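No experiment lies behind these values; they were computed from the predicted model shown.
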Amino acid sequence: MPAMSVASHDHEKQPKDEYAHSIASTDDDDKILQEIGYVPSFRREFSNLATISFAFSIMGLCSSIATTFNTPLLLGGPASVTWCWILGACMCFTLGSSIAEIVSAFPTCGGLYTASAQLCPPRHRARVGWVVGWLNILGQIAGLSSTEFGLANMIWAAVVVAKDGAYEVTQGKVVGLFAGLLIFHGILNCLATRYLARLTTAFVFVNLGATAIIIIVLLAMTPRSDMHAASYVFGSAGIVNQTGGWNDGIAFLFGLLSVQWTMTDYDATAHISEEVKRAAYAAPSAIFIAVIGTGLIGWLLNIVMVLCSGPLENLPGPSGSAFLEIMALRIGKPGALFLWTFVCLTAFFVSQTALQACSRTVYAFSRDHGLPDRDYFGYVSKYTMTPLRAIWFTTLWAIVPGLLDLASPIAANAIFALTAMALDLSYIIPIFLRRLYRNNPEVKFKPGPFYMGDGLLGWTANVICIVWTLFVCVIFSLPTVMPVTPDNMNYASVITVGVIVLSGLWYMLGGHRHYKGPSSNIPHYEDAAMYGDPQRQTESTPPEAVSTSRRSPRSSPEHTISTYATPPVE
């Protein structure tokens, strides 16, 4: 009996211990956030698995490769598919590592936008925050739009294959489905964080599972005699220039669009860091794991697709999707459409996570007076504890880039290049600032748990990712087809430069009066240089502000967390 009593006592105690550990973890996260200068705005409902799943989902893997597979295959040839992926993946690894390092130090929903202000002297904070904020929002909205646009095309491609090519897909149908999917994702994102976290946990299994099954089934059902030779997959026989005028080198490099578009939006995990438990560890770890996994598994998938691709002249086929046509050729129409359902589901998940991440950036930028909305989009709903206004701002604006398809399907492809250009440029600015002002007494960079150090490793990764990003931005600014006409013009560079110029003019003419850079939501945090300086915090914060407390949304009556202010709610 005594033994049973002890066992029973331990069994009753275990849930309490787990609960206490969860509360302690939440307290640590909130303490780090307050040291940076922010009161928690969201509930921490994302576990480690959900965070890793979120990071994988934002990249998409099989759906992202399927969406952009035509570009390297039809412009540079099979060898461009194979080698551009692994080349770009290695370079993206340096960028992802550099971003993870900053996210670990600044785990806030503003992501690199917020971090950029803390990595430069206060006198530059507003200008830097303004540029990074607008580039990041532009890239994320374009990323959401391009993902949803790709999903709409994937769904219509399945219809064409199911009808044996006897179905006409018009631009109006594509744009209509695209807009409908965006509205649906907007509604889905209105759910409370706990439901989004549960939904996100399953993403990684569908994503990786679909990719693995496609690889296995294609290899199993393609006769050895029908597989291409190594020289076609990896060698000079696989370089097929179909650009109409560019030399083979430029045509080959156009293949980078697939990997750069797939492996971007790294800081999306940072934008949900205020909803993540042990964010300083979990958010950068998820980025690191997702970059490695997506790079290696994506390379294997690309190799298998090229190996089993059949005659190049038959692609992309009636559906317009070379990826789906290869699957239908080797697996058969029923099997291909069945697997394609999971590829589309993966793209659906990418759009879901992209919208969630972008809405958090809009929320942070509005809260800091970066939008002319008088903080209208910088509010959190008291019912769902999510930024509903920012969600619908993101949803409606993401429809705009997709309207390019009504002008020209080729011109609409610019939103894919626009995503990579705008996001990657917004990433390298804080990375550059961290190195430029590393010895500045006004800049206090306190490394997080994920840190590459100030030695050769950290410097090498930072320098490579900056140089590489500038290089690919030049490639992505070029029109992919020659001769250039209004219908096939690459508008990515025009839009990116246009947004930078217009936002810059706006800042000079009036924005500087109300925008002072990413700002704390804690009273008396007047200067980014004060963040993380307990002595200066104490001097500037009145005792009554320090003693104020509110209950955590997940707390018991005995548990409260110290805070200085509560986030605005609707």
Please answer whether the main-chain N or O of [Y] pairs with a side-chain N or O of [X] as donor and acceptor at a distance below 3.5 Å.
| X | Y | value |
| --- | --- | --- |
| Ser258 | Gly255 | no |
| Arg125 | Lys516 | yes |
| Arg438 | Arg435 | yes |
| Asn207 | Phe203 | no |
| Ser97 | Thr94 | no |
| His512 | Arg127 | no |
| Ser64 | Met59 | yes |

With sequence neighbours excluded, residues passing side-chain contact (heavy atoms from CB on, under 4.5 Å) with [X]:
| X | result |
| --- | --- |
| Asp373 | Ser366, Leu371, Tyr376, Phe377 |
| Ala279 | Asp29, Arg44, Pro107, Ser273, Val276 |
| Leu478 | Trp246, Ile250, Phe254 |
| Pro284 | Ala100, Val103, Ser104, Phe450 |

Go through the steps for Leu95 and Ile428 under the test side-chain contact (heavy atoms from CB on, under 4.5 Å), then give the verdict.
CA-CA 8 Å; Leu95 183 57; Ile428 64 172; 4.3 Å; yes
Residues 128-144, side-chain donor-acceptor partners within the protein, below 3.5 Å, at least two apart:
from   : atom 1 : to     : atom 2 : distance (Å)
Trp130 : NE1    : Ser503 : O      : 2.8
Asn136 : OD1    : Gln140 : NE2    : 2.5
Asn136 : ND2    : Asp267 : OD2    : 3.3
Asn136 : ND2    : Ser426 : OG     : 3.1
Gln140 : OE1    : Cys358 : N      : 3.2
Gln140 : NE2    : His271 : NE2    : 3.2
Gln140 : NE2    : Thr361 : OG1    : 2.8

In short, salt bridge (charged side-chain N to carboxylate O under 4.0 Å, His left out) pairs touching residues 80-89 with sequence neighbours left out are none
Check the pair Tyr113 / Asp368 against side-chain contact (heavy atoms from CB on, under 4.5 Å), numbers first and verdict last.
CA-CA 11 Å; Tyr113 155 68; Asp368 297 338; 2.9 Å; yes
Test side chain to side chain donor-acceptor pair (under 3.5 Å) applied to [X] - qualifying residues, sequence neighbours left out:
| X | answer |
| --- | --- |
| Ser145 | none |
| Ser98 | Asn462 |
| Tyr451 | Asp454 |
| Thr264 | Asp424 |

Does the side chain to side chain donor-acceptor pair (under 3.5 Å) test come out yes or no for Thr346 and Ser63, once each step is laid out?
CA-CA 6 Å; Thr346 303; Ser63 65; 5.2 Å; no
Does atom CH2 (Trp392) have a neighbourhood of more than 12 heavy atoms from anything else shown, all under 6.0 Å?
yes
Can we call the ring centroids of Tyr515 and Phe365 under 6.0 Å apart?
yes
According to the interplanar angle, ranging from 0 to 90°, do the rings of Phe106 and Phe445 count as parallel (below 30°), tilted (30 to 60°) or perpendicular (above 60°)?
tilted
Under the rule for ring pair (Phe, Tyr, Trp, His ring centres under 6.0 Å), what residues qualify as partners of Phe471, not counting sequence neighbours?
Trp468
List the atom pairs, with distances to 0.1 Å, where a side-chain N or O of residues 286-299 and a protein N or O form a donor-acceptor pair under 3.5 Å, not counting sequence neighbours.
from   : atom 1 : to     : atom 2 : distance (Å)
Thr294 : OG1    : Ala290 : O      : 2.8
Trp299 : NE1    : Thr82  : O      : 2.9

